[in-house]
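One structure is given here, and the rest of the page talks about it.
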Amino acid sequence: MRFSYDVIVVGAGHAGCEAAAAAANLGSRTLLVTMDMNKIAQMSCNPAVGGIAKGQIVREIDALGGYMGIVTDRTSIQFRMLNRSKGPAMWSPRAQCDRTKFIDAWRHILENLPHLSIWQDMVTGLLIRGGVVYGVRTAMNVEFQAKSVILTNGTFLNGRLHVGAVQLSGGRISEPAVSGLTEQLVSLGFRSGRMKTGTPVRVDGRSVHFDELTEQPGENDFRRFSYLDSIPRMLSRRSCWLTYTNEACHEVLREGLPESPLFNGQIQSIGPRYCPSIETKIVTFADKTRHQLFLEPEGEDTQEYYLNGFSSSLPVMVQIRALQQIPAFRDIQIYRPGYAIEYDFFDPTQLFHTLETKRIRNLFFAGQINGTTGYEEAAAQGLIAGINAHLSCHCDGAGEGKPSFVPGRDEAYIGVLIDDLVTKGVDEPYRMFTSRAEYRILLRQDDADMRLTEKSVRLGLADTYRHQLLQEKKQARDALVAFIESYSVKPHDVHDGLLRLGTAPLAHGCKLIDLLVRPQITLANLSEMLPPLAVEMDKIPSSRKDEIIEATEIAVKYSGYIRRERQIADKINRLENTFIRGKFDYDAIQSLSTEARQKLSRIDPETIAQASRIPGVSPSDINVLLVLLGR
């Protein structure tokens, strides 16, 4: 048994799995420490991946050579593309997964990665000397040494579960909390806080009247999370089901509010604004007579269902009585109630963009320890932390001299996520939305591979096969774009077809590209009118034809918007390259506002652009810094 490694990853949730895999695949001798090898990549809440903006993050993880998209595709039981009624910048993939098969798939990957070892134990302390971490100590009193350590503790740091008046110590139901790490970090000067999240009741499907629910089947087209062409969907498709609460249900919930830990003072910490409990909903939206609920299967062949929209920490019997008021649930049987969980997190402004801590060198934080919520946000942080931990332990020097990898805000939602965390901090669990990104048209789900895979290839993470697929996709797309730009369309070729589509016929000939920009027109319906276009499209490899055609169509239709947003991003990037860390004593600059002096001193931004995004730092404050820089 080896006791010395390059990288140690603490915790095998979504952040820990991606971190360990990235570090190992880059060549670092890596140790993943987890309390339970049977809970690797456990989907603690909903067994689903993706959603609004989160789906874009998963595609970015895949484009960089991570595994979340691959595991999701292998274990999905339903796939849908959300926001299809909006523009492609808003399209977001989402998949329902088989919870247990998701764990099995991740474990199979990790157990078979070269350079990666797994140790089942609880980390209770860090080994630190001279402001540098050099290993961990476990509950079994085993010490492992390493050049870099990544903490991905999820909700386990002093975790406490709430079900009505009942309080249990734990990181998840039936799993122990971790104590000691928070206290050690606080003693070293780290700022910590408490956050709260929750999960709904799990329902026995045999007790549900499905004929009184609305079925929501998934889609079965070419779309997937992974850009690889060799990841099949292997599991049977299953539907989700829709229903609503009602006034009778709300009345039972209202009667139970005095026993709610959220309203009687038992829970003091901050919960997620965008995923509120059912008791919070009936108080905050008191005028609403019903709230939407989704009954979602937990796997391919299980009777266990997740009741999305009914997160609660009310007493068990209150939850059951409230559900019994909904006709389809009148005979409800449950496997376990919903519960709330409180846990420790650390202010992420204490991190560099690499996710290395500013106080302790070679120590990285990723996931909910940074105040985020969601599997996807955690996995993205884990991937970036794993990459940078590897780079950190294979180089000399510190700070600005160390090689690093962090996507920019104009390159990835992952870049937006990390910059938001380390620049703005969090005052509630952070969740990614498309509205958080100023360059949404550049960060579409269809082109994450175009944006990121070559960067990952240069880094050494994405493999040659992934790079080959990218090159083939680029060549096929560019050839199709060239044909569209050069092919001339005659009015009589498309006259009848345009009338059928409800768009005006051509008065004179034009290039095909001028026709494609019409909202009613797609490459699919144009190919029915123009045989030469169909021939050109048939040159694309069949396994990726639909994907490449869709990417081409989006690139052509939105080319003007894409160009304009790229120009804006390039202007802002000039400020991203104006480095200021270590150049100012902000407390001494009296021409800055008091709030700006305080925020700039605490966060110590890397660049002028980062400084401009700090809440409380005004444009006039930025002008002062630019003047002092001689600009």
Side-chain angles (χ1 to χ4, degrees), residues 56 60 63-64 89 348-349 351-356 358 380 384 387-388 391 397 399-425 432 434-444 447-448 450-456 458-459 555 558-586 589 591-593 595-597 599-631:
Q56 285 89 325
E60 291 171 355
L64 286 167
T349 62
L351 305 174
F352 296 112
H353 279 76
T354 58
L355 301 181
E356 182 181 13
K358 295 175 180 177
I384 299 303
I387 292 170
N388 286 302
L391 294 174
E400 292 182 11
K402 295 170 71 170
S404 63
F405 177 80
V406 183
R409 294 183 71 94
D410 62 326
E411 293 176 318
Y413 274 93
I414 296 174
V416 176
L417 164 67
I418 291 174
D419 186 62
D420 278 356
L421 292 175
V422 304
T423 302
K424 302 175 182 178
M432 179 54 71
T434 51
S435 58
R436 296 192 190 273
E438 56 269 53
Y439 308 119
R440 290 189 292 276
I441 298 175
L442 300 181
L443 307 183
R444 307 181 313 276
D447 75 335
M450 299 285 190
R451 292 182 270 122
L452 298 171
T453 294
E454 287 192 346
K455 294 177 183 292
S456 187
R458 290 194 292 271
L459 192 66
Y558 294 87
S559 59
Y561 298 102
I562 294 169
R563 262 196 314 273
R564 184 171 63 188
E565 203 158 89
R566 182 73 267 163
Q567 290 168 354
I568 295 170
D570 288 344
K571 288 180 182 178
I572 296 297
N573 279 341
R574 296 169 195 166
L575 296 180
E576 296 286 4
N577 294 318
T578 305
F579 296 95
I580 59 173
R581 176 165 288 147
K583 293 186 177 180
F584 296 114
D585 177 2
Y586 296 109
I589 305 175
S591 49
L592 293 173
S593 68
E595 184 178 6
R597 290 199 300 273
K599 295 283 184 68
L600 289 166
S601 295
R602 180 164 63 87
I603 296 172
D604 192 16
E606 185 80 21
T607 66
I608 281 286
Q610 185 190 355
S612 71
R613 293 190 289 271
I614 298 173
V617 177
S618 69
S620 61
D621 294 320
I622 296 301
N623 284 336
V624 168
L625 298 180
L626 288 172
V627 168
L628 292 174
L629 286 170
R631 303 222 170 191

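Every residue was checked against the side chain to side chain donor-acceptor pair (under 3.5 Å) condition with R440, not counting sequence neighbours, and none meets it. When the side chain to side chain donor-acceptor pair (under 3.5 Å) test is applied to E454, the partners found at least two apart in sequence or on another chain are Q471, K474. Qualifying salt bridge (charged side-chain N to carboxylate O under 4.0 Å, His left out) partners for R564, counting only residues two or more places apart in sequence or in other chains: none. Legend: residues meeting side chain to side chain donor-acceptor pair (under 3.5 Å) with S404, ordered by chain and number and at least two apart, are absent. The side-chain contact (heavy atoms from CB on, under 4.5 Å) test applied to A555 returns no partner, not counting sequence neighbours. Remark: Y558 pairs with no residue by the ring pair (Phe, Tyr, Trp, His ring centres under 6.0 Å) rule, at least two apart or across chains. Every residue two or more places apart in sequence or in another chain that forms a side-chain contact (heavy atoms from CB on, under 4.5 Å) with S456 is listed here: L64, L461, A462. With sequence neighbours left out, the salt bridge (charged side-chain N to carboxylate O under 4.0 Å, His left out) criterion links R602 to D347. By the side chain to side chain donor-acceptor pair (under 3.5 Å) test, D585 is found to be paired with no residue, residues two or more places apart in sequence or in another chain being considered. With sequence neighbours excluded, the residues forming a salt bridge (charged side-chain N to carboxylate O under 4.0 Å, His left out) with K455 are E411, listed by chain and number. For D420, the side-chain contact (heavy atoms from CB on, under 4.5 Å) partners are R409, V416, K424, Y430, R436, not counting sequence neighbours. In this view, S591 and I589, V624 satisfy the side-chain contact (heavy atoms from CB on, under 4.5 Å) rule, not counting sequence neighbours.
Using modelled atom types, one side-chain atom of E565 and one backbone atom of L442 make a donor-acceptor pair closer than 3.5 Å. Judged by distance alone, the side chain of D621 and the main-chain N or O of S593 form a donor-acceptor pair under 3.5 Å. The backbone N or O of T349 lies less than 3.5 Å from a partner atom in the side chain of K358, making a donor-acceptor pair. With hydrogens and angles ignored, the 3.5 Å screen pairs no side-chain donor or acceptor of T607 with any backbone N or O of N577. Between the side chain of E60 and the main chain of I414, a donor-acceptor pair closer than 3.5 Å is present.
Side-chain contact between L592 and L600: present, with at least one pair of heavy atoms (C-beta onward) separated by less than 4.5 Å. Side chains of V617 and S612 form no contact here, defined as non-hydrogen atoms less than 4.5 Å apart. Proximity of D410 to E576: side-chain heavy atoms (C-beta onward) are nowhere separated by under 4.5 Å. Between Y586 and I580, some side-chain heavy-atom pair lies under the 4.5 Å cut-off. Residues L443 and R451 meet the side-chain proximity criterion, which asks for heavy atoms closer than 4.5 Å. When side chains are defined from C-beta on, I614 counts as touching T423, because their heavy atoms get closer than 4.5 Å. Under the 4.5 Å side-chain criterion, counting only non-hydrogen atoms from C-beta, R444 is in contact with I562. Annotation: side chain of I384 is in contact with side chain of F405 (closest heavy-atom distance under 4.5 Å).
Of all heavy-atom pairs between A448 and A63, the closest is O-CB, 3.5 Å. Considering all non-hydrogen atoms of both residues, Q56 and Y413 come closest at CB-CD1, 3.7 Å. Across H353 and D419, no two heavy atoms sit closer than the pair NE2-OD1, 2.8 Å.
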### side-chain contact (heavy atoms from CB on, under 4.5 Å) between L459 and L391, intermediate numbers included
CA-CA 10 Å; L459 192 66; L391 294 174; 4.2 Å; yes

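Interatomic distance, I603 CD1 to R613 CZ, rounded to the nearest 0.5 Å: 11.5 Å. In this structure, the separation between OG1 on T354 and CG on N388 is 5.0 Å, given to the nearest 0.5 Å. Expressed to the nearest 0.5 Å, how far CZ of F352 lies from CG of D604 amounts to 7.5 Å.
Side-chain contact of S620 with N623: a donor-acceptor pair under 3.5 Å is absent, judged by distance alone.
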